[in-house]
Amino acid sequence: MASVLPTYPKARRIRFRFDQHDSNDKYFVDGDMVFSHFVAGLSGGFPPGEESFIRSVRRVAERVTDPVLKKRVTGFVGQEAMHGQEHRRLNEKLVEMGYPIAWYDSPTQLERMLGIESRLPAEVHVAMTAAAEHFTAVLAERVLSSDEIQSIPAEPEFWQLLNWHALEELEHKSVAFDVFRAIGGSERMRIGVMLAMYSLTLPLTYGSLAYALATDPVARRQPVRVAREAYQLFTGPIFRGLMGELAKYLRPGFHPDDIDTTALLARWQQELFGDEGVLNDHLK
Ligand SMILES: [Fe+2]
Ligand SMILES: [Fe+2]
């Protein structure tokens, strides 16, 4: 049995069973084409994104001297590596289903990312990770706390993956942030990096979603459906009030733990990995 509320984020070795749920419906989230493309795009971006997060903290690992923070970094790296591994397994299936997400994780894209990273000071790279971790923590809190989101029909194994990932995002939400502080990263840089990422959020979301939909023959035949579903997505429980929550990070002096998610975390740790945890049988 996994412990509840570990002192350090702890990587759980887990394996999902995507092949046992062979649904014929391409639009696996509630039969909703736009929502499904959005979720597939998120999943497509996770493995390469999370590997960049890992590289960023490894670049500065030797400058982290605090033994507790060092252990938290180890847990963070282990969790992100496992997220990438399981999302990659889901992504293979999504590519087979016709989602145009393979490019996120392609050698060309990796080369491009490594090129950009090599030109960035290590502190900026860590600041980008810390900011991105605020995005994932805000999304994770939404996913785990909203009954409206939890009741969206989708394949059970997909939900399990999402809830496990969201749980661990909350467990390690302040690690990259604390690494950034430990290496002397300034508030000016932290906020500046977030401001840039914040302003790109909606353009990049719209752009990648528009690209994905443009490749889908069903979307091209049904523009009214696309417009209706896009409206529902961007006014629905995922996006409603999202930009305001993301903006909290811009406040000088902000720390991820200012947003108290301990009760939510404890509830989901129990639900997924407690005595009767629904995912205990997925652990390796
Ligand atoms: Fe993750
Ligand atoms: Fe994360």
Angle between ring planes, [X] versus [Y], binned at 30° and 60°: parallel, tilted or perpendicular?
X    : Y    : answer
F239 : F234 : tilted
W164 : F16  : tilted
Y249 : F177 : perpendicular

Will you find, in the side chains of [X] and [Y], an N or O donor that is under 3.5 Å from an N or O acceptor?
X    : Y    : answer
T215 : R220 : no
K26  : S36  : no
R112 : Q109 : yes
E171 : Q269 : yes

>> In this structure, is the centre-to-centre distance between the rings of Y8 and H172 below 6.0 Å?
In response: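 When the ring centroids of H172 and Y8 are compared, they turn out to be at least 6.0 Å apart.
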>> I'd like to check the salt bridge (Lys or Arg N to Asp or Glu O under 4.0 Å) partners of E271; sequence neighbours left out, ordered by chain and number.
In response: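 Applying salt bridge (Lys or Arg N to Asp or Glu O under 4.0 Å) to E271 gives none.
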> What residues, two or more places apart in sequence or in another chain, satisfy side chain to side chain contact (heavy atoms under 4.5 Å, CB included) together with V218?
Replying inline: Y27, M33, D216, R221, Q222, R225
>> Would the distance check show the side chain of T129 and the main-chain N or O of H125 forming a donor-acceptor pair, the cut-off being under 3.5 Å?
In response: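 The answer is yes, because a donor-acceptor pair under 3.5 Å joins these two groups.
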> Just by modelled atom types, is the L283 backbone N or O under 3.5 Å from a matching donor or acceptor in the R15 side chain?
Replying inline: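 Such a contact is absent between R15 side chain and L283 backbone.
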> Quick one: are V34 and Y231 in side-chain contact, heavy atoms under 4.5 Å?
Replying inline: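 Not in contact.
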>> Using a 6.0 Å distance limit plus a 45 degree cone around the ring axis, check whether R12 lies over the aromatic ring of F273.
In response: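 Yes - R12 lies over the ring of F273, closer than 6.0 Å to its centre and within 45° of its axis.
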> Between E86 and R89, is there a side-chain N and carboxylate O pair less than 4.0 Å apart?
Replying inline: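 Yes.
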> Are K93 and E96 ion-paired here, with the side-chain N under 4.0 Å from a carboxylate O?
Replying inline: no
> Under the side-chain hydrogen bond (donor to acceptor under 3.5 Å, both in side chains) test, which residues partner H83, sequence neighbours left out?
Replying inline: E50, E80, H165, E168, E169
>> Looking at every non-hydrogen atom in both residues, tell me the closest pair between A122 and R59 and how far apart they are.
In response: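 Smallest interatomic distance, heavy atoms only, reads N-NH2, 3.4 Å.
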